[in-house]
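Please read all numbers here as calculations on a predicted model, not as lab measurements.
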Amino acid sequence: MPLTGRAALIAALGSVPVGVLEPSWTGLLAVNGSLALACACDFALAAPVRRLLLTRSGDTSVRLGDTADVTLTVTNPSRRLLRARLRDAWPPSSWQPGTELDSSRHRLTVPPGERRRATTRLRPTRRGDRQADRVTIRSYGPLGLFSRQGTHRIPWTLRVLPPFTSRKHLPSKLARLRELDGRTSVLTRGEGTEFDSLREYVPGDDTRSIDWRATARQSSVAVRTWRPERDRRILLVLDTGRTSAGRVGDAPRLDASLDAALLLGALASRAGDRVDLLAYDRRVRALVQAKSAGDVLPALVNALASLEPELVETDARGLAATVLRTTSRRSLVVLFTTLDAAPVEEGLLPVLPQLTSRHTVLVASVADPHIAAMARARGDVDAVYEAAAAAQAQRERERTADQLRRHGVTVVDATPDELAPAVADAYLALKAAGRL
């Protein structure tokens, strides 16, 4: 039941004539007594807060960087007019810095027996689930001297999805995929090993593609046509251990891996391949399996929305065992992890033969563009030392990548902006070569 600034101002102004004309307890009591009576009447006429009925509606999910609207409906069941200020509290990461005051506070006037809506506009700055906190309402009387205050808890969850910024590359990758499949006017020869159809022989065709049985059943020579393999299995594996928490630019490495995984998942599902996802460090953090082509991308986005790096060392043996249990058929295993020497040499390399003997493995890693900028720096002594350190770090990554390649692993090492298209290109190259 707080006093308002208006009541304090009236009390201050009333003390001036008392101090000048009648500096006594009687004058002070006359001013403050009248003010106290007015405050009591104001409080009695203010609408009760705890009897208000509140409900929520609006958006339940939003992409990172976009805005979401969550609406509060306030119903006034009392017989008094509600004059109120409302604060809809959410976690600090629900707004852009500096916009919380304007977005979370509302003024409402609700006549008796009616309802009004207040819309809170959110623009989250982090992925994950955002839970609504308390709704605080301050109800004022007609004089604005005294108020009633109370809180309500109206649960609501807003899921902040990954931004999927690499979706801008999807049209060009799909065009390349259609080219491989032979669905465009660009003809490609010798690509793919999966039978597509029969057609009549024309001079210049590879004689090894002649289907002699079909030729015997008809009067013309028939040849087989081929297309890149379809209905293959792609397992996206995200290493969520401590190395994924390292920041590259303004975001952790895991965010760049998520974006690349979404692009590859969308592309592979359009290619007719089955896409599964596994996130692991010392236990399974996320698992998506057996989704139809139309449901793959929404399932991936939903599973990755709340995924965060864990500050633990990844259990490479557990990761390999989980991959082998997750997919029994030969698959393309795309492992998003680091190329740092210690985690690879001590963790991944000892268990890599278990994976490469049964699956095709592609390792994708996020490179720090700042290292490349340091390697090019010159001009003073400090810059030269930084360039030498950066060059040594790059050589260590190249040596680690060469170790992986000697085990038959395809390695993609690219900056956050280039990782997603580079991984998609590597997938298309493997598909065109018939290695899936």
Practice item. For R232 and D273, run salt bridge (charged side-chain N to carboxylate O under 4.0 Å, His left out): C-alpha distance rounded to whole Å, both residues' side-chain angles, the deciding distance at 0.1 Å, then the answer. Key: CA-CA 5 Å; R232 296 300 186 260; D273 295 332; over 6 Å; no

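- Residues R176 and D425 are not paired through a salt bridge, judged by the lack of any N-O separation under 4.0 Å between the basic side chain and the carboxylate.
- The salt bridge (charged side-chain N to carboxylate O under 4.0 Å, His left out) check on D102 picks up nothing, with sequence neighbours excluded.
- Identified under the side-chain hydrogen bond (donor to acceptor under 3.5 Å, both in side chains) test for residues 341-350, with sequence neighbours left out: E345-R399.
- A donor-acceptor pair shorter than 3.5 Å cannot be found between the side chains of S306 and D129.
- Salt bridge annotation for E100-R87: present, with a cationic side-chain nitrogen under 4.0 angstrom from a carboxylate oxygen.
- No option in T337, L304, V334, L278 other than L304 meets the side-chain contact (heavy atoms from CB on, under 4.5 Å) test with L238.
- In this structure, D88 does not pair ionically with R105, as no charged nitrogen and carboxylate oxygen lie closer than 4.0 Å.
- Between P111 and L81, the shortest heavy-atom distance links the atoms CA-CD1, 3.5 Å.
- With sequence neighbours left out, R358 forms a side-chain hydrogen bond (donor to acceptor under 3.5 Å, both in side chains) with no residue at all.
- A donor-acceptor contact closer than 3.5 angstrom is absent between the side chains of S139 and R80.
- A salt bridge between R317 and D315 is absent, with no side-chain N of the basic residue lying under 4.0 Å from a carboxylate O of the acidic one.
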